[in-house]
Amino acid sequence: VISLVIRQLKAGKILFPQWDDVSEYMQDILNVFIEVKDGLFGQELIYDHHPKQPDDAMHSLVFCVCAAYMAAGDAGLLGPSSTARDEPGA
């Protein structure tokens, strides 16, 4: 689900107030980084953060996105902002 949220952030689908109003919250999101590691079934994305830098905002954002999809009746997170569907136009 973190990948979905990051795609939505990059696409500008999640909007925030002005930076000055939410800079501490946003810094928590910016503390998250992605590592690509070889796993049992190929390459895996590993999301992490430095132990002394919080990532609480990312977790709260993931929770909010999941809740929004569920409230919209899409508990499988298959909506238009997801790459989970392979159908054209999805």
Side-chain angles (χ1 to χ4, degrees):
V1 178
I2 294 175
S3 292
L4 169 66
V5 171
I6 290 174
R7 283 193 308 274
Q8 289 177 331
L9 286 169
K10 287 182 177 182
K13 294 181 184 256
I14 300 175
L15 303 177
F16 296 96
Q18 294 293 317
W19 176 265
D20 292 341
D21 297 329
V22 293
S23 60
E24 186 176 340
Y25 179 88
M26 296 304 289
Q27 187 58 53
D28 277 15
I29 293 172
L30 294 174
N31 289 338
V32 175
F33 59 87
I34 303 170
E35 293 182 51
V36 179
K37 295 187 177 183
D38 290 327
L40 185 60
F41 301 106
Q43 291 188 328
E44 299 176 354
L45 297 179
I46 307 296
Y47 297 92
D48 205 354
H49 65 99
H50 188 277
K52 293 185 179 183
Q53 296 176 330
D55 65 344
D56 299 342
M58 178 60 84
H59 293 288
S60 69
L61 187 57
V62 167
F63 181 80
C64 288
V65 168
C66 287
Y69 271 80
M70 287 184 202
D74 186 3
L77 304 177
L78 299 173
S81 296
S82 173
T83 57
R85 289 189 196 174
D86 291 318
E87 302 169 24

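- Here the CE-CG distance, from M58 to L30, works out to 8.5 Å after rounding to the nearest 0.5 Å.
- Taking the side chain to side chain donor-acceptor pair (under 3.5 Å) definition, one finds that Q27 meets it with N31, sequence neighbours left out.
- Atoms NE2 and CG, on H49 and D56 in that order, are 7.5 Å from each other to the nearest 0.5 Å.
- Closest approach of S60 to Y25, counting heavy atoms only: OG-OH, 3.3 Å.
- How far CG of L15 is from CG of L9: 10.0 Å, rounded to the nearest 0.5 Å.
- Cluster membership for I14 and M70, using ILVMFWY side-chain heavy atoms within less than 4.5 angstrom, is not shared.
- Cluster partners of F63 are absent, since no Ile, Leu, Val, Met, Phe, Trp or Tyr has side-chain heavy atoms less than 4.5 Å from it.
- You'll find the side chain of Y69 stays beyond 4.5 Å of the side chain of V1, heavy atoms only.
- Taking the side chain as every heavy atom from C-beta outward, D55 and Y47 never approach each other to under 4.5 Å.
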Let me check something: any side-chain donor-acceptor pairs from residues 33-46 under 3.5 Å, sequence neighbours excluded? List them with distances.
none

